[in-house]
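Shown next, in structure tokens, is the structure this report addresses.
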Amino acid sequence: MTPTLSKFVFVMLAIGWYLIRYEHARRSRREKIRRSDRGPRETALLLISLTGLGILPLVYVATGIPHFAAYDFHPIQAWLGLFAAIAALIIFHLTHRALGRNWSISLDVREHHQLVTDGIYQRVRHPMYSAFWLWAIAQALLLPNWVAGFSGLIGFGILFFGRVAREERMMLETFGDSYRVYMARTGRIFPSIF
Ligand code: SAH
């Protein structure tokens, strides 16, 4: 693995991510929204996450900025990044397939919203966020730059911790005991082993 190849892997991750999402975003848009917990706070969280996972690393890939934050490239680190990127894409694809039209970019409940509790959702209740964490880890491993590499972990971390409890509250209010039972047997981003 070379530094150029490593950057190329990151760009392929971003393109693969976009392709997986595009199709589902188009399809789920047709499904009406019954309740939305969107607001300025959600918008801010999304922008922070987009900056950390997308804008800063892509500016770095294109220009090398910020130069002061560069550190030595290690091929083994980049190989680990490649594996994390592949795992992220696979999980991202599976979560979109399982959620189908229930997906949305923010906190929405759709008209015919169904609680998904099987497939990749069987033991983890936020596997799409697991995939985002894997992206952030891949980014940190692939880009030898303290700012552009770690901005994903920080940016997505802020979205995740700012959102996940509110999302679970919304699901509890919508699905009641079904979600309570589901929560008891799942982990948030790691499979529950009990
Ligand atoms: N947090 C989930 C889903 C992210 S998409 C994950 O990480 O996999 C966000 C939307 O998914 C929310 O608007 C919510 O309405 C919906 N959602 C979250 N968990 C769900 C589930 N188990 N079944 C159906 N929809 C779900």
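Indexing begins at 1, ligand by ligand and atom by atom, following the structure's order.
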Flag for Y129-R188: side-chain donor and acceptor within less than 3.5 Å
no
Using side-chain hydrogen bond (donor to acceptor under 3.5 Å, both in side chains) as the criterion, list what pairs up with R110, not counting sequence neighbours.
none
Tell me if the centroids of the rings in F150 and W146 come within less than 6.0 Å of each other.
yes
Within the distance-only criterion (no hydrogens, no angle test), does the side chain of S49 pair as donor or acceptor with the backbone N or O of L45 below 3.5 angstrom?
no
Between Q139 and S151, does any side-chain donor sit less than 3.5 Å from a side-chain acceptor?
yes
Donor + acceptor pair across side chains of H126, E168 (<3.5 Å):
yes
What are the polar N/O contacts of ligand 1 with the protein below 3.5 Å, with distances?
from     : atom 1 : to   : atom 2 : distance (Å)
ligand 1 : 1 (N)  : H126 : ND1    : 2.7
ligand 1 : 1 (N)  : E167 : OE2    : 2.6
ligand 1 : 7 (O)  : H126 : O      : 3.3
ligand 1 : 7 (O)  : M128 : N      : 3.2
ligand 1 : 7 (O)  : Y129 : N      : 3.0
ligand 1 : 8 (O)  : Y121 : OH     : 2.6
ligand 1 : 8 (O)  : P127 : N      : 3.4
ligand 1 : 8 (O)  : M128 : N      : 2.9
ligand 1 : 13 (O) : S104 : OG     : 3.3
ligand 1 : 13 (O) : S106 : O      : 2.9
ligand 1 : 13 (O) : D108 : N      : 3.0
ligand 1 : 13 (O) : D108 : O      : 2.9
ligand 1 : 15 (O) : D108 : O      : 2.7
ligand 1 : 22 (N) : V116 : O      : 2.9
ligand 1 : 23 (N) : V116 : N      : 2.8
ligand 1 : 25 (N) : H113 : NE2    : 2.9

